[in-house]
Amino acid sequence: MFDFVPYLSFLTSGIGVLFSVYLFLRFRTYPKVYWLILLIFSLVFLEFYIFALTSKQIYQMLFLLRVPNIVRAFVPTLLYFYVWTMLHPKQKWKSYQYLHFLFPLVILIGVMPDILMSASEKRAIIDGYYEHNNFLLKMPAGWIPPGMVQPVSILFGISYGVFCLWMIYQSKKRYASPFAFINKQSLIWLQLLSAAVMLYFLLQFYQYLTLVLGYSFDPPSQIFKCTIAISLFTYFMSSPNVQENMDGCIIPNKHENETIVPPMEKICPQILPNYQQDEAIQQTDRLMKESYCYLNPECDLTKMAKMVDQNPLKFSKYIKTYYGISFVEFLNRLKIHYFLTHVDHVDQFTLETYIYQSGFANRSTFYVAFKKYVGVNPSFYLKELKGK
């Protein structure tokens, strides 16, 4: 009746691989996403192992034997570091946090003898599994005593899932309502991911109990796991607000007032008060802003300096002196200001078009600049604007 289960596991692992590739190609400039990629790929590997085991293809892939024990042990640690780096985007690791790698490293070292076994020895173990489903639980895993690796790893995973949910709750409590309001979709994503990993290990625990009691592999729980994984991938792909925050949650300034988004005049670069009466500077300011040369993605220091008939090096110092910011910030502020002045025509479907029309060469640069100068991500801003 459940002959399709191996193929469902194979389908899930295939979709997971494509999702991992998408994450790498789309967010490869965001270091925090590498934790998510490793986490997804680990879960994909475990699903592929289920496919190999239930379809008996494992005889052609003997190298897989015992490797899932190692991968399963690393999943909770990967989840922890991904959630932690997303919640604390500006903080560096503490030395004690490396202790989170202790358990998976112990499993890695303990299981290694089984990884290095000969092909005939591995076939004998697999034969024993197909004769008695709980065979693997009754024999040691490398240097680790029988029946220890799987249940301890599962409890480790459940505990970390709960711990990550607690970290998210503490962050919302610590940074109060502005943090939860601005990062609503991102926090939902982190909560769903943590809950999904926790539920994955709970289902693994259920499957472990069925094997301990001598029953066969439980297909319904495997179907449930595959459904959860595919639903999680779909949620991420359909949530632009989540994707825009892949460099970490936005932490509002504790001293800012109730207006989360700064006024337009603070985003557009302004001449410093001491020089605002200088007519020559005012004229240059109008020339740079009204020419809209910054809307050309190829606009750089050399081209803008040439437009105002100045040496590039002197022009860079000119911007720093009279505006108090670097040329790169000057350029990005002009682009963001242009985007905001045309925001009434933008929605989620035309956002990509307006990103390039505002002078940005790619989405990543736009998202970073927008969040830096506006304080929220574009999707959140558009949603709030539409609501008002």
Side-chain angles (χ1 to χ4, degrees), residues 19 22-23 26-27 30 32-33 35-36 39-40 79-91 161-199 228-263 267 336 339-340 343-344 346-352 354-355 363-364 366-388:
F19 182 63
Y22 167 78
L23 288 174
R26 174 69 176 78
F27 305 104
Y30 294 68
K32 296 173 182 61
V33 179
W35 292 110
L36 178 60
L39 173 62
I40 297 298
L79 174 67
Y80 165 78
F81 278 104
Y82 174 63
V83 173
W84 190 90
T85 54
M86 287 292 289
L87 294 174
H88 309 89
K90 297 180 181 179
Q91 295 184 24
V162 173
F163 180 61
C164 288
L165 289 171
W166 180 82
M167 279 200 306
I168 297 168
Y169 169 76
Q170 287 297 312
S171 294
K172 291 165 68 175
K173 185 178 178 181
R174 176 184 177 186
Y175 297 116
S177 55
F179 177 79
F181 180 61
I182 295 174
N183 300 288
K184 180 180 178 182
Q185 293 298 323
S186 298
L187 292 173
I188 289 175
W189 161 249
L190 294 177
Q191 288 171 331
L192 285 175
L193 184 65
S194 302
V197 171
M198 183 180 66
L199 190 55
I228 292 173
I230 295 174
S231 300
L232 201 65
F233 302 155
T234 303
Y235 176 82
F236 183 93
M237 296 291 289
S238 60
S239 303
N241 198 281
V242 172
Q243 298 180 38
E244 291 167 12
N245 271 354
M246 282 295 98
D247 57 341
C249 292
I250 301 170
I251 301 177
N253 190 326
K254 292 182 181 180
H255 303 291
E256 69 184 13
N257 55 30
E258 294 182 2
T259 304
I260 296 175
V261 179
I267 296 174
I336 293 297
F339 176 88
L340 293 176
V343 75
D344 290 342
V346 183
D347 55 35
Q348 292 294 349
F349 302 102
T350 60
L351 178 60
E352 192 83 5
Y354 277 90
I355 287 175
R363 291 172 295 186
S364 298
F366 169 75
Y367 291 150
V368 171
F370 195 96
K371 289 168 66 175
K372 182 178 181 180
Y373 304 127
V374 182
V376 296
N377 62 42
S379 295
F380 177 89
Y381 182 86
L382 295 174
K383 183 178 179 181
E384 288 302 301
L385 187 69
K386 185 177 180 180
K388 292 178 180 179

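Worth saying up front: this structure is predicted, and the values here are computed from it rather than measured. Scope of the values below: all heavy atoms of this structure, side chains included, with no hydrogens, waters or symmetry mates.
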[X] to [Y] - nearest heavy-atom pair and separation:
X      : Y      : result
Ile251 : Leu87  : CD1-O, 4.0 Å
Glu244 : Pro378 : OE1-CD, 3.1 Å
Leu79  : Gly161 : CD2-CA, 4.2 Å
Tyr30  : Met246 : CD2-C, 3.5 Å

Practice task
Sort and list the pairs that fulfil side chain to side chain donor-acceptor pair (under 3.5 Å) and have at least one residue in residues 163-172, not counting sequence neighbours.
Solution key: none
Exercise for the section: Answer whether the closest heavy-atom distance between the side chains of Tyr175 and Cys249 falls below 4.5 Å. Expected result: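 No; the side chains remain at least 4.5 Å from each other.
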Exercise for the section: Would you give the length of the straight line joining atom CZ of Phe370 to atom CG of Leu340, rounded to the nearest 0.5 angstrom? Expected result: 5.0 Å
Practice task
Nearest 0.5 Å please: distance from the CD1 atom of Ile250 over to the OG atom of Ser186.
Solution key: 7.5 Å
Considering residues at least two apart in sequence or located in another chain, which fulfil the side-chain contact (heavy atoms from CB on, under 4.5 Å) criterion with [X]?
X      : result
Ile228 : Ala196, Leu199, Leu203, Phe224
Ser239 : Tyr235, Val242
Ala369 : Asn332, Ile336, Phe360, Tyr373

Problem - Residue Lys32 excluded, over 12 heavy atoms near NZ under 6.0 Å - result: yes
Problem - Partners meeting ring pair (Phe, Tyr, Trp, His ring centres under 6.0 Å) with Trp35 (sequence neighbours left out) - result: Phe81, Trp93
Exercise for the section: Kindly write out the residues that satisfy ring pair (Phe, Tyr, Trp, His ring centres under 6.0 Å) with Tyr367, not counting sequence neighbours, or none if the list is empty. Expected result: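 Testing Tyr367 for ring pair (Phe, Tyr, Trp, His ring centres under 6.0 Å), a comparison that skips the adjacent residues, returns none.
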Problem - side chain to side chain donor-acceptor pair (under 3.5 Å) involving Ser194 - partner list, sequence neighbours excluded - result: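 In terms of side chain to side chain donor-acceptor pair (under 3.5 Å), with neighbours along the sequence ignored, Ser194 is linked to no residue.
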Exercise for the section: Please work out which of the three classes, parallel, tilted or perpendicular, describes the rings of Phe339 and Tyr354, given edges at 30° and 60°. Expected result: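 Ring orientation, 0 to 90° scale: perpendicular.
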Practice task
Could you tell me which residues satisfy salt bridge (Lys or Arg N to Asp or Glu O under 4.0 Å) with Arg363, sequence neighbours excluded, listed by chain and number?
Solution key: Glu352
Problem - Member of Met86, Gln185, Met167 meeting the side-chain contact (heavy atoms from CB on, under 4.5 Å) criterion with Leu190 - result: Met86
